[in-house]
Amino acid sequence: MAAATAIDLPATPSFRLDGRRALVTGAGRGIGLAIACALADAGAETILAARTLAEVEAVASAIRQRGGRAAALGVDVIDVDGTREAIASLPPFDILVANAGTNRPKPMTDVTEDDYDAVLDLNLKGTYFVSQLVARTMVEAGISGSIVLMSSQMGHVGATGRTLYCASKHALEGLVKAMALELGPHRIRVNAVAPTFIETPMTEPFFRDQAFRRDVLSRIKLGRIGQVEDLMGAVLYLASDASAMVTGPR
């Protein structure tokens, strides 16, 4: 009887992030808080950044209490110089999740210059320059890192009352594609997560309008509003070796 031929089976790539450092912006609540938890649970040393230091300090403390490694960083990503100084004082990161963002829904004819600056400065300018800063340190340190931008379904469609938000998220989708091309030679992957409506402190006031809630539910095939937990696995996948050949989808 012939001996069985040995089969060299492939090993499943790990979703673990042990030994890696991650930065999550807008991490004090909602989606950012959940993402920070996911990365810390997977073993990453996670820095939670937000304008309100007390908020991210409380979240970082809760993560440490359940065994994760987390620290808080008080920074406003709109302040590019201040963000640059804060990041320069830290060791380089392996992972960035640029999540900080805002929305001011209103008819296009009522949008003010202040509205424009508030939404575009945080959603686009803040994301662009924090990504630039982290990417630069990754390149200098020779790190094969992962950058994840928080986009939205509104980066792919239009919606009434959301001209500013749609403009900012469509811009992020283009930014992801261009960044991936530039940073690919450095083995830095760039991706975006574009969720549907997620129940967060930011969206909770909108969902009080039952007509709005019914309209949203009618458009979601699974028949329920998204929860922050629904995004944790997606970001963990993009941050880990499980997505080692995933970058800049076009």
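Any value given below was found using the heavy atoms of this structure, including those in side chains, with hydrogens, waters and symmetry copies removed. Note that the structure is a prediction, hence the values are computed from the model and not measured.
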Are any of the side-chain heavy atoms of Lys106 and Leu164 separated by less than 4.5 Å?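 No, too far: nothing below the 4.5 Å cut-off.
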Does the side chain of Met150 reach to within under 4.5 Å of the side chain of Ile35, using non-hydrogen atoms?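 Met150 vs Ile35: side chains touch.
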Any sub-3.5 Å donor-acceptor pair from [X]'s side-chain atoms to [Y]'s backbone N or O?
X	Y	answer
Ser240	Phe15	no
Thr203	Ile198	yes
Lys169	Leu124	no
Ser146	Leu238	yes
Asn99	Gly26	yes
Arg21	Thr46	no
Thr247	Val190	yes
Thr112	Asp115	yes
His170	Met154	yes
Ser61	Ala58	no

Between Arg136 and Glu140, does any NZ, NE, NH1 or NH2 come within less than 4.0 Å of an OD or OE carboxylate oxygen?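 Answer for the salt bridge query: no.
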With sequence neighbours excluded, tell me which residues meet side-chain contact (heavy atoms from CB on, under 4.5 Å) with Thr102.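 Thr102: side-chain contact (heavy atoms from CB on, under 4.5 Å) contacts with Val119, Leu122, Asn123.
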Salt bridge (Lys or Arg N to Asp or Glu O under 4.0 Å), paired with Arg104, selected from Asp114, Asp110, Asp121: Asp114
Test salt bridge (Lys or Arg N to Asp or Glu O under 4.0 Å) applied to Glu199 and Arg29, Arg213, Arg224, the passing residue: Arg213
Val148 and its side chain to side chain contact (heavy atoms under 4.5 Å, CB included) partner, picked from Leu236, Val193, Ile95: Val193
For Val24, which of Leu73, Leu48, Leu39, Leu33 qualifies under side chain to side chain contact (heavy atoms under 4.5 Å, CB included)? Leu39
Does atom [atom1] of [X] have more than 12 heavy-atom neighbours from other groups under 6.0 Å away?
X	atom1	result
Glu204	CD	yes
Phe207	CZ	yes
Arg51	CZ	no
Glu182	CD	no

With salt bridge (charged side-chain N to carboxylate O under 4.0 Å, His left out) as the criterion, how do Asp117 and Lys125 come out once you've worked through the C-alpha distance, each side chain's angles and the decisive distance to 0.1 Å? CA-CA 10 Å; Asp117 290 341; Lys125 179 181 177 181; over 6 Å; no
Pairs touching residues 59-80 that satisfy salt bridge (charged side-chain N to carboxylate O under 4.0 Å, His left out), sequence neighbours left out: Asp41-Arg66, Glu45-Arg69
Report the C-alpha distance between Ser131 and Leu149 in whole Å, list the side-chain angles of each, state the deciding distance to 0.1 Å, and finish with yes or no for side chain to side chain contact (heavy atoms under 4.5 Å, CB included). CA-CA 9 Å; Ser131 298; Leu149 307 188; 3.5 Å; yes
